[in-house]
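Numbered from 1 within each chain, the chains take letters A, B, ... in sequence-line order. Keep in mind it's a predicted model, so treat the numbers as computed, not measured.
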Amino acid sequence: MPKNDDSLVVALPNGRILNQVSALVRRAGILAEPAFEDPNARQLRFATSDSNIAVIRVRSFDVATFVAFGAADIGIAGRDVLMEFDYHEVYAPVNLGVGRCRLVVAETAELAPEDDPTKWSHVRVATKYPAIARRHFEARGVQAECIKLNGAIELAPSLGLCRRIVDLVDTGATLKANGLVEVEHIADITARLIVNRISLKTRPELIGNWIRIFRDLVEDGETLSAS
Amino acid sequence: MKRYEFVRETTGHPMTDPTTLLPAGLRDVLPPEADHEARVLSQVMSCLSANGFERVNPPLIEFEDSLLAGTGADMGPKTFRLMDPASQRMMGVRADMTPQIARIAATRLRRSPRPLRICYTGLVLRVKGSELRPERQFSQIGAELIGNSSCRADAEIILLAAQCLRAAGIEKFSIDLNLPTLAAAVCEDLDLGSETLRDLRAAIDRKDAASVAELGGQPGQILGAMLLAAGSQARARESLAKLNLPPRAAALRNHLHDVVDLVVTADPDLPLTIDPVENRGFEYQTGVSFTIFAVGARGALGRGGQYRIGGAADEPATGFTLYMDSTMHAVPMLIEVRRIFVPFGTNRAVLTRLQSEGWTTIVGLETVDDPNAEAVRLGCGHVLLDNTVAPVPGKVAG
């Protein structure tokens, strides 16, 4: 679809944080058509109350990619996704404060008591985040062999795929249920408003205004009370 | 032989012609794109030369030591290297032409009168492309003004870049002005730990004003305000003027404001934005810098700014460069070439007359029964019949 100067495509992530994110987007004044709230809808692209604005719903990892390539102008993505891709063409101007969790290294509970992470020179980890994991271990002088999985990471150690994982942790219940304990903290994660660099530079007023709207929402503390 | 086929089958690769596949990031440019890019390059080149910039042409390969010295230092990881069998020294294929221009200005043209205005175009090669920018080989074109660091020199280069973009037919572009050294100037004299500085830098790169304000105390407040100031020229300048800056930072800001005044006076319609603390991609710039963006192109079309050329005199210089891989995405396809089919046996003088009238002539090598059909087959919108130009029936003029 050809874009005119006022058109705006907003990319939102399916999954874990969609509910919190869509509440935020509604408060920002972007009202998507009813099908957007329907989890069974096959539709991927939704019209909004503003004829210039369309919303797309994609996998959380793909939000960053859509925005980096300019297919979407703005989006909402977790800091984990942004760290993994480290796209040059994406700005993350607003920390939305929702979807709070941690990115950690965890290992099996049997291994943990006698394991000393400072002695590692090589680790094998299962993870959704091979780039972050590699960077993290490299900075500590540890060579990391990363096995890329797309889900059920916590299952990998119990079946002998590896002994350690790098994954998101919210309450820690999933780790515990799978006999894993957290041994290293990599980063604190929240959802961020992201914008395409070229959209911001070629349409500074329009995109800048959306950044201000989300920034004001966060500063008003409305997001905290709602989450 | 048998073994080779066996391996091929198990890996599941379809049988392909090994002479077709090119290495990643490299491609054959075909008609009409190849011609199109050559025309755009020549239009930009004429624009540069009309403005008094004289062309230099450095070699594609030179010794690594000179290629990666000074402004070339950051190109190390992007540079292809090979051993020179003659001198047994390591050579590099240029990944950026600017360091070569700086070298020429600092050495062979050191006695030429200043300001020295030179321009260049050529191919560069890079070890790796990125997902967003897969091209490993592309043309670069640019101009450098050496020996002057005034705001007039900065303004001349920005206005020249805009003139070149318009000459190339690009309408919807915008120039983003930056001061890559400003953040450091704001932070100087403050004892921030290296970890705080790194986090600050990362937050600035993300444009996260809230985190910047939290991180850096008093300078954080200023940097946060600068991030919020980013936007169209008039708005940004107003916000920047209100800030109370340390002396070196204030001098940078005032220089930027003078440059903007000169540019806006000379070219009021030029879309100009200011993003004071942006420093992505400015590895060696020391003063006012800029990035060129356009609607329809995926990455920056080019960039420019002030730097020092190195060498004994280490003179100040400012310039800009366009990357043709991204620039071509923003250039509208030119008006279609007017191709005319000229049947076999037509007098040579007729051909030259048609060509001087702007026709591209496609000559028949043998007599054909139906010149109209032959014209269509060869992609011509017109045909020469009885020494008269006639549109091909059923075809829109072209």
Would you find more than 12 non-hydrogen atoms of other residues, nucleotides or ligands less than 6.0 Å from B:E171 atom CD?
no
Is the CZ atom of A:F46 crowded by more than 12 outside heavy atoms at less than 6.0 Å?
yes
Are more than 12 heavy atoms from other residues, nucleotides or ligands located less than 6.0 Å from atom CD of A:Q43?
yes
Value rounded to 0.5 Å, distance of CD in A:E89 from CD in B:E131:
12.0 Å
Select, from B:I175, B:L227, B:T291, B:D275, the one with the greatest count of heavy-atom pairs under 4.5 Å involving chain A.
B:D275
Could you tell me which portion of B:R235 (side chain, backbone, both or neither) has an atom closer than 4.5 angstrom to a non-hydrogen atom of chain A?
side chain
Cut-off 4.5 Å, heavy atoms of chain A, and the answer for B:Q233 is neither
Between the CZ atom in B:F293 and the CG atom in A:L200, the distance rounded to the nearest 0.5 Å is 8.5 Å
Starting at CG of B:L228, measure out to CZ of A:R212 and round the result to the nearest 0.5 Å.
8.5 Å
Within 6.0 angstrom of A:L44 CG, more than 12 heavy atoms from elsewhere
no
Using non-hydrogen atoms and a 4.5 Å limit, figure out which bit of A:V195 sits close to chain B: side chain, backbone, both or neither.
neither
Can you measure from CG (B:L132) to NE2 (A:H88) and round to the nearest 0.5 angstrom?
9.5 Å
Per-residue contact mode, A:Y87 against chain B (heavy atom under 4.5 angstrom)
both
Applying a strict 4.5 Å limit to non-hydrogen atoms, the region of A:P93 in contact with chain B is both
Any idea which of B:A230, B:G231, B:S232 has the most non-hydrogen atom pairs under 4.5 angstrom with chain A?
B:S232
OG on B:S174 to CD1 on A:I198, rounded to 0.5 Å:
10.5 Å
Side chain from CB out, backbone as N, CA, C, O: work out which of these in B:A294 comes under 4.5 Å of a heavy atom of chain A, or both, or neither.
backbone
Does B:D208 reach the side chain of A:R192, with side-chain heavy atoms less than 4.5 Å apart?
yes
Just do the side-chain contact (heavy atoms from CB on, under 4.5 Å) check on B:K207 and A:R197 with the steps written out, would you?
CA-CA 10 Å; B:K207 300 249 174 291; A:R197 185 175 179 219; over 6 Å; no
Take atom CZ in A:R140; do more than 12 heavy atoms of anything else shown fall under 6.0 Å from it?
yes
Enter the distance from B:R206:CZ to A:Y91:OH here, rounded to the nearest 0.5 Å.
13.0 Å
